[in-house]
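Step one of this worksheet: look at the structure below.
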Amino acid sequence: MKALAPDFYDRPVVEVARELIGCVVEHGGAAGVIVETEAYHESEPACHAFVGLTPRTRTLLGPPGRAYVYRSYGIHAMLNAVCEQEGVGAAVLIRALEPTSGLALMRARRGATGGSPRAGLSAGARSGRPGARGSLSDHELCSGPGKLTQALGISLAENGGDLASGPVRIAPRPPGWLEPAIVASTRVGITKAVELRWRFSVAGNRDVSRPWPRSAGVRP
DNA sequence: CATGGGATTGACT
DNA sequence: GTCAATCCCATGC
């Protein structure tokens, strides 16, 4: 699989966020097409790099084309692609994938421990719902930033890795994804700079993490 | 050194 | 809709 070169990421982060839609993320024997992204830039307060260089933002301020992986809510790993020139804190958060290969592996990882502590044990069995565990649908595997890292087996150990050489790799849009229908909307789960429409997703795709707000103008 | 807050998810009321 | 889990790290004494 041919990966995107570092210079792909060396341009305005919002542009890269849009261009990454349709590209393929691969790790741990599984892969999926990116269907949702968000851009973050040091010039706005929702970005971790807003505060400048700290141990946490070292990768974020480093050279483009690297993976920035951090832990969220003490539980989930978040995968970002570092963008813009070295010294500028900017990254694209990969928020959702449409699974394309290694689905059995994804399902195994998602069903196993590693996500929410409660996921797995008590879940489905007790609620009586058939199959809350062990039989996740394809659309439940990678439809969220924490879900996709779990499905691909991406952990904090991958922080700083080169996205061209791996272990986490990103490849260009495959045939059939050359011109995705992209919708822009506001970012999810943040409390600052909420007005920026820096979230991009594939219109109508079933693997996105959350429905589109009315303002996005997507027809169901 | 102590504290507080998340770029979330899944279970439960 | 509400809520807890859980840990890294930025911030403030």
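We use all heavy atoms of the structure for the numbers below, so side chains are in, but hydrogens, waters and symmetry mates are not. Nothing here was measured: the structure is a model prediction, and the numbers come from that model. The chains referred to below are lettered A, B, ... by the order of the sequence lines, with proteins before strands, and numbering in each begins at 1.
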Would A:Lys147 and A:Glu140 pass as an ion pair if we require N to O under 4.0 Å? no
Just so I know, are the side chains of A:His41 and A:Cys47 near enough to count as touching, which here means a heavy-atom distance under 4.5 Å? no
Do A:Thr186 and A:Glu195 have side-chain heavy atoms sitting under 4.5 Å apart? no
Give the dot-bracket string for DNA chain C, reading 5' to 3', where a pair is Watson-Crick or G-U wobble with both distances under 3.5 Å, ( ) marks pairs inside the strand, [ ] marks pairs crossing earlier ones, | marks a partner on another strand, and . marks unpaired. |||||.||||||.
Do A:Cys83 and A:Val92 have side-chain heavy atoms sitting under 4.5 Å apart? yes
Might you confirm whether atom CD of A:Glu179 has over 12 heavy atoms from other residues, nucleotides or ligands at distances under 6.0 Å? no
Hydrophobic cluster of A:Ile190, others only, ordered by chain and residue number, side-chain cut-off 4.5 Å: A:Tyr40, A:Leu60, A:Tyr68, A:Tyr70, A:Met78, A:Val82, A:Leu93, A:Val194
Going 5' to 3' along nucleotides 2-8 of chain B, which nucleotides have protein heavy atoms under 4.0 Å from the base (write B), which only from the sugar-phosphate (write S), and which from neither (write -)? ----BBB
Non-hydrogen side-chain atoms of A:Leu79 and A:Val25 separated by less than 4.5 Å: yes
